[in-house]
Amino acid sequence: MTENALIEAARVSKAWPFQEAQKLLKRFPQGKPDGAPVLFETGYGPSGLPHIGTFQEVLRTTLVRRAYEALTGGAPTRLVAFSDDMDGLRKVPDNIPNADVLAANLGKPLSRIPDPFGTHESFAHHNNAMLREFLDRFGFDYEFVSASDRYNSGAFDAALARVLECNQAILDVMLPTLREERRRTYSPVLPVSPTTGVVLQVPVEVVDAKTGLIRFTDEDGTVVEQSAFGGKAKLQWKVDWAMRWFALGVDYEMCGKDLTDSVTQSGKIVQVLGGRKPEGLIYELFLDENGEKISKSKGNGLTIDQWLTYGTEESLGFYLFREPKSAKQLHAGVIPKAVDEYWQFRGNLAGQALDKQLGNPTWHLLRANGGGEGAGDTVPVTFSLLLNLVGVLGADATAEQVWSYLGNYVAEASPEAHPDLAEMVRAALATNRDFIAPTLHRRAPTENEAAALKDLDTQLASLDGASAEDLQNIVYEIGKNEAYGFENLRDWFKALYETLLGSPQGPRMGSFIALYGVPETRLLIAEALAA
């Protein structure tokens, strides 16, 4: 594949990362002026720990970044992970140690509140460290930028002066969007109280925009004049977002549907400042298994650690890649399919035409934080088949047991020889322990089902070294035998799953028998017939 061929295919690709990258190509038809890198940004509020939404936004932004690089033949790019740690703490998060420390500092910038964990300079420093560790864990290429560092060092002072100069114009944008009560106290600038250190929501008078001098009434009723520069003030959220775009020169930033209004108002404000609204994608939010919006307070979502317990990192990326503008359920039940579909798409990748490759999620995922190696790789056993195997072995199944059975089916069956399969074995054992084993129930076969099972047992007894395909053919022929009264093959397979595996659905039986072993399968049949 030549670079020109890739560029041509990328420019007509319907894959959403390329569609997003096309927006940047239209923004800079001749490339960014002076060869400057296109700046991608993701935002993070460090009032809590990184979560699956954080991963989703950084991953998806990275996919667009890589698509833009492919589209332009390698134009320079940067990705900034921005922490809004000058934000005032509004409420004490759940499950935080020493919550009284946070309660005593409500309203103060997150970077000026003691760390309740006792390990870092402040609560924000602790959570920022967790964010960076989180992003590094997945190999993201990014630059970390802290709002507090920018405000405190004066790096934002010039942009703040511009906000003060445009104070009335910004009010003209924002006030019509607010309730009457909120309008009375609204100010684009939020001063930090010189007495309490709290970020104040009070009316502010701009005395001198150039020097940053503002006037306001402190919490104790004292009229204060102080500079807004050097970390003595921050901006309201929508104004702050616009100022950040303006100060950093952000070209692309995506966000969730819940920030649609913020995108609109911040886009107007950045134009007032003399900047340009970045390109971006507004993605749909996650739903729980009941189709309800995920809420941190309800705890009805799925954490990234939970996904990585019951699935794999690649499957998470695959699930997040698909249809970002459609709401998706996020619960443990979606993981097995995502694991198997990832490997199916990856296995198909190498043999596809270029245009099909660019529409294959794994083409993008393999390039997110690497060089794209691994196209066409497969695993010898599907995740669904592993789940059926460990389901039969029971809740106390061990990795050693699973690998001993895999020896029936896989050459060089060991974690060292098959590291990707080893991750799947680990996830399958956890899924079985917590979700599958407690629900399995093998029912007794009916009279005609028992006759068919006896026939299967007889035929298995005479086999010597049959392949999975041969075993599957035997199962098929028995199910098609009119003597056993199955209306269709689906009824026969359902009977096998329910009587032998204790589940209403299951794997390709020939593959299962080959993996589990013929003698072991005959034992399952004997147990079913004795039930």
Side-chain angles (χ1 to χ4, degrees), residues 1-25 55-56 58-75 77 138-141 254 281 283 311-326 328 334-386 409-411 417-421 423-424 427 468-469 472 507-508 511:
M1 176 177 63
T2 66
E3 182 175 273
N4 286 339
L6 174 58
I7 292 172
E8 289 303 313
R11 292 192 174 190
V12 296
S13 175
K14 299 300 183 184
W16 72 260
F18 285 118
Q19 293 289 299
E20 290 300 297
Q22 287 280 6
K23 297 176 183 178
L24 290 165
L25 198 63
F55 178 85
Q56 148 188 268
V58 178
L59 174 66
R60 286 174 170 169
T61 302
T62 296
L63 296 176
V64 177
R65 179 188 183 188
R66 300 304 180 216
Y68 176 73
E69 291 168 349
L71 198 63
T72 57
T77 62
F138 296 105
F140 287 114
D141 175 23
M254 63 174 61
L281 167 73
Y283 54 80
T312 60
E313 181 182 329
E314 295 89 353
S315 65
L316 175 58
F318 179 84
Y319 191 72
L320 296 179
F321 179 94
R322 311 286 298 270
E323 302 170 339
K325 292 184 180 181
S326 298
K328 286 200 285 289
V334 305
I335 297 177
K337 184 178 179 182
V339 175
D340 279 339
E341 286 191 343
Y342 170 81
W343 283 106
Q344 179 183 353
F345 274 82
R346 183 164 165 180
N348 292 338
L349 182 60
Q352 291 178 320
L354 181 55
D355 62 327
K356 299 296 184 184
Q357 287 188 16
L358 300 191
N360 186 322
T362 60
W363 187 94
H364 299 267
L365 294 168
L366 290 171
R367 282 160 178 75
N369 299 312
E373 297 83 5
D377 287 354
T378 60
V379 285
V381 175
T382 65
F383 193 57
S384 59
L385 188 55
L386 280 177
Y409 200 79
V410 179
H418 300 278
D420 291 318
L421 183 56
E423 272 295 285
M424 291 168 59
E469 194 61 36
Q472 185 72 9
R508 185 177 169 85
S511 298

So [Y] and [X], do their side chains get closer than 4.5 Å, heavy atoms only?
X    : Y    : result
E341 : R322 : yes
F383 : T312 : no
L25  : Q22  : yes
L320 : K328 : no
L71  : R11  : yes

For this session: Start with the C-alpha gap between N348 and T362, add the side-chain angles, then the distance that decides, and say whether side chain to side chain contact (heavy atoms under 4.5 Å, CB included) holds.
Result: CA-CA 10 Å; N348 292 338; T362 60; over 6 Å; no
Exercise. Should E69 and R66 count as an ion pair when the cut-off is N to O under 4.0 Å?
Worked result: yes
Just by modelled atom types, is the [Y] backbone N or O under 3.5 Å from a matching donor or acceptor in the [X] side chain?
X    : Y    : result
N369 : F138 : yes
R346 : G374 : yes
E314 : V339 : no
H364 : R60  : no
S13  : A9   : no

For this session: Take K23 and E20, measure what salt bridge (Lys or Arg N to Asp or Glu O under 4.0 Å) needs, and give me the verdict at the end.
Result: CA-CA 5 Å; K23 297 176 183 178; E20 290 300 297; 3.0 Å; yes
Problem set entry | Other residues, nucleotides, ligands: >12 heavy atoms within 6.0 Å of Q19 CD | yes
Going from [atom1] on [X] to [atom2] on [Y], what distance comes out if it is rounded to the nearest 0.5 angstrom?
X    : Y    : atom1 : atom2 : answer
T77  : Y68  : OG1   : OH    : 8.5 Å
D141 : R65  : CG    : CZ    : 4.5 Å
L385 : S511 : CG    : OG    : 6.0 Å
F55  : L316 : CZ    : CG    : 4.5 Å
T382 : W343 : OG1   : CH2   : 13.0 Å
L349 : Q352 : CG    : CD    : 6.0 Å

Over all heavy atoms of both residues, which pair between [X] and [Y] is shortest? Give the atoms and the distance, please.
X    : Y    : answer
A468 : Y409 : CB-CE1, 4.4 Å
A10  : L358 : N-CD1, 3.5 Å
A67  : P17  : CB-O, 3.5 Å
G311 : I335 : CA-CG2, 3.5 Å
E3   : G73  : OE1-O, 3.8 Å

For this session: Measure the acute angle between the ring planes of F318 and Y342, then classify it against the limits of 30° and 60° as parallel, tilted or perpendicular.
Result: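 If you compare the ring of F318 with that of Y342, the planes turn out perpendicular.
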Problem set entry | Derivation of the side chain to side chain contact (heavy atoms under 4.5 Å, CB included) call for M254 and V64 | CA-CA 10 Å; M254 63 174 61; V64 177; 4.1 Å; yes
For this session: Please find out if less than 6.0 Å separates the ring center of F345 from that of W363.
Result: no
